[in-house]
Number of protein chains: 2
Amino acid sequence: MPERDPTLMSGVPELVLLRLLAQRQMYGYDIARALKLLSRETLSLGEGVLYPALHALEARGLLRSRSRQVDGRTRIYYQATPKGCRRLERLTANWRRMSEGVERILGAHHD
Amino acid sequence: MPERDPTLMSGVPELVLLRLLAQRQMYGYDIARALKLLSRETLSLGEGVLYPALHALEARGLLRSRSRQVDGRTRIYYQATPKGCRRLERLTANWRRMSEGVERILGAHHD
DNA sequence: TTTCATGCCTCGCGACGCGAGGTATAGTCG
DNA sequence: CGACTATACCTCGCGTCGCGAGGCATGAAA
């Protein structure tokens, strides 16, 4: 398996969580699986990241949650609020700008 | 000016520093200017990031330094060691993998 | 002489990723 | 019945890191 760099992950959970939950409501376990599939294993958020992140986003009014009973188990579905969608747009723009900046430097050869 | 997201910067200093210093030796102020130009203002490392990062990389044996007097001012030139170059390759691969993972999620629409 | 560019530095705060550990239910296999 | 796995949620605490704020010194220009 590919080695990971924890330090390159900062801010990424918030970004991808908002992105997923701006499209449809999902619950924790669901999100974890979706991230693995969509990113082809490169972005797997452990539960120690996932749940605190969801709570923090909800506390900031970027997500809204409601719990539902399915087969005797409690699922907590999350969905992005309008405020969360706006935040997503800003975050996405920031990500692209930063990402392109890095790419320019990685691709630069000036000798 | 565009708003920045501090949290998206994690790990980036190490990456871009190694990249620049794998090509040629540079000193602190020089690096700060080069980063601004190359990344078109999107990646400006403050001195509170730059110097501690350089010291940490040197302490880990990824950079080598030597000071030189120019016009009565002391410049400390840094350059990537072979070990630093190997680290750069690994970091670059990690960056690309993570970056592509994020892009896949940002670009995904499944409804 | 004040101001600006150069050139280096550290301290301390806050934020964040993340592993480790915890709880509980439902279904399966022997 | 007991063991194990999958589902589904959670928190605590450690370590790392970006970064603003502040500091010191020199040379040149105003």
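Throughout, a chain's letter reflects where its sequence line sits, starting with A, and its residues are numbered from 1.
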K.L.:
With a non-hydrogen cut-off below 4.0 angstrom, is Arg68(B) in contact with a base, only sugar-phosphate, or nothing?
P.N.:
nothing

K.L.:
Given atom CD1 of Ile76(B) and atom P of dT10(C), what is their separation to the nearest angstrom?
P.N.:
10 Å

K.L.:
Give Gly72(A) one of three labels, base, sugar-phosphate or nothing, depending on what nucleic acid heavy atoms sit under 4.0 Å from its own.
P.N.:
sugar-phosphate

K.L.:
Tell me whether the side-chain N/O atoms of Tyr27(B) come closer than 4.0 Å to OP1 or OP2 in dG7(C).
P.N.:
yes

K.L.:
How many whole angstroms separate atom CG of Leu45(B) from atom P of dC8(C)?
P.N.:
14 Å

K.L.:
Among dT10(C), dC9(C), dC18(C), which nucleotide sits nearest the side chain of Val49(A)?
P.N.:
dC18(C)

K.L.:
At less than 3.5 Å, do the side-chain atoms of Glu47(A) and the base atoms of dC18(C) form a donor-acceptor pair?
P.N.:
no

K.L.:
Quick check on dC8(C): is either OP1 or OP2 less than 4.0 Å from any side-chain nitrogen or oxygen of Tyr51(B)?
P.N.:
yes

K.L.:
Does dG7(C) have OP1 or OP2 sitting under 4.0 Å from an N or O in the side chain of Arg33(B)?
P.N.:
yes

K.L.:
Send over the distance from Ile31(B) CD1 to dT6(C) C1', rounded to a whole Å.
P.N.:
15 Å

K.L.:
Taking the minimum atom-to-atom distance to the side chain of Arg73(A), which one of dT7(D), dC9(C), dC9(D) wins?
P.N.:
dT7(D)

K.L.:
Take the protein atom CG of Leu50(A) and the nucleotide atom C1' of dA20(C), then report the distance between them rounded to whole Å.
P.N.:
16 Å

K.L.:
What's the closest nucleotide to the side chain of Tyr29(A) if the choices are dG22(D), dG17(C), dC9(D)?
P.N.:
dC9(D)

K.L.:
Taking atom P of dC9(D) as reference, at what distance in whole Å does atom CG of Asp71(A) sit?
P.N.:
13 Å

K.L.:
Would you mind telling me which of dT11(D), dT6(C), dG22(D) lies closest to the side-chain atoms of His55(A)?
P.N.:
dT11(D)

K.L.:
Just to be sure I understand the rule, does Pro13(B) reach a base, reach only the sugar-phosphate, or reach nothing, if contact means heavy atoms closer than 4.0 Å?
P.N.:
sugar-phosphate

K.L.:
To the nearest 0.5 angstrom, please state how far the CD1 atom of Ile105(A) sits from the CZ atom of Arg19(B).
P.N.:
9.5 Å

